[in-house]
Amino acid sequence: MDTVETFYTVSLCDYPSLPEQERARAEARYARVIERQLGGAEQVALALECVLGLEETPPEEITDEAKATFARWTKAANAATQAGMQGLGDGECSFFEVRFS
């Protein structure tokens with residue numbers, strides 16, 4: 001049996017009263033789209049590492065490569081959020097959190 005290494009987890013936050021099965025499907029849709037956008041689970045983890053590192057980096061030290069990664073992350077996360085929220089109705093205050101496993 002093949003094992004899949006998990007680099008990150010996705011959690012749908014602040015969406016009260018959502019059945020666990022629906023929550024899991026939304027998180028899976030999000031993960032599927034962000035992986036497709038960025039090139040796989042490992043690439044998602046690498047982009048996440050870069051994005052999180054930018055929080056501590058002074059603006060003058062941010063490289064063009066880091067800026068490009070951040071732009072790709074933002075585009076991918078927006079597409080993944082749309083896919084993840086599909087069919088759930090009003091989730092105005094909800095969001096997806098991606099973090100390392």
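These numbers come from the heavy atoms of this one structure, side chains and all, not from hydrogens, waters or symmetry mates.
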Engineer: Determine, using the 4.5 Å side-chain heavy-atom cutoff (strictly less than), whether L46 and L52 are members of one ILVMFWY cluster.
Structural biologist: no
Engineer: Check the pair L38 / R72 against side-chain contact (heavy atoms from CB on, under 4.5 Å), numbers first and verdict last.
Structural biologist: CA-CA 7 Å; L38 294 175; R72 283 194 314 275; 4.1 Å; yes
Engineer: Can you find a pair of side-chain heavy atoms, one from S11 and one from R23, that are under 4.5 Å apart?
Structural biologist: no
Engineer: Give me each pair satisfying side-chain hydrogen bond (donor to acceptor under 3.5 Å, both in side chains) with a member in residues 37-66, each pair once, sequence neighbours excluded.
Structural biologist: none
Engineer: Looking at every heavy atom in both V44 and W73, which two are closest together, and how far apart are they?
Structural biologist: O-CZ3, 3.7 Å
Engineer: Would you name the heavy atoms of L54 and A66 that are closest together and state the gap between them?
Structural biologist: CD2-CB, 3.9 Å
Engineer: Just how far is it from atom OG of S94 to atom CG of L88, taken to the nearest 0.5 Å?
Structural biologist: 7.5 Å
Engineer: Hey, could you give me the CG/CZ distance between D14 and F95, rounded to the nearest 0.5 Å?
Structural biologist: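 That separation rounds to 5.0 Å.
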Engineer: Could you pull out the closest heavy-atom pair between G84 and A26, with the gap in Å?
Structural biologist: O-CB, 3.2 Å
Engineer: Tell me, do M85 and L12 make a side-chain contact under 4.5 Å, heavy atoms counted?
Structural biologist: yes
Engineer: Verify side-chain contact (heavy atoms from CB on, under 4.5 Å) between Y30 and V98, making sure each step is shown before the conclusion.
Structural biologist: CA-CA 10 Å; Y30 183 100; V98 182; 3.5 Å; yes
Engineer: Mind checking side-chain contact (heavy atoms from CB on, under 4.5 Å) for C93 and listing every partner two or more places apart, or none if nothing turns up?
Structural biologist: none
Engineer: Taking the side chain as everything from C-beta on, heavy atoms only, tell me whether V10 gets closer than 4.5 Å to E97.
Structural biologist: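 Not in contact.
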Engineer: Below 4.5 Å, heavy atoms only, C-beta onward: do F7 and L48 meet side chain to side chain?
Structural biologist: no
Engineer: Assess whether side chain to side chain donor-acceptor pair (under 3.5 Å) is satisfied between Y8 and E35, documenting all intermediate values.
Structural biologist: CA-CA 11 Å; Y8 68 94; E35 285 183 18; 2.5 Å; yes
Engineer: Report yes if some heavy atom in the side chain of I34 is under 4.5 Å from a heavy atom in the side chain of R29; otherwise report no.
Structural biologist: no
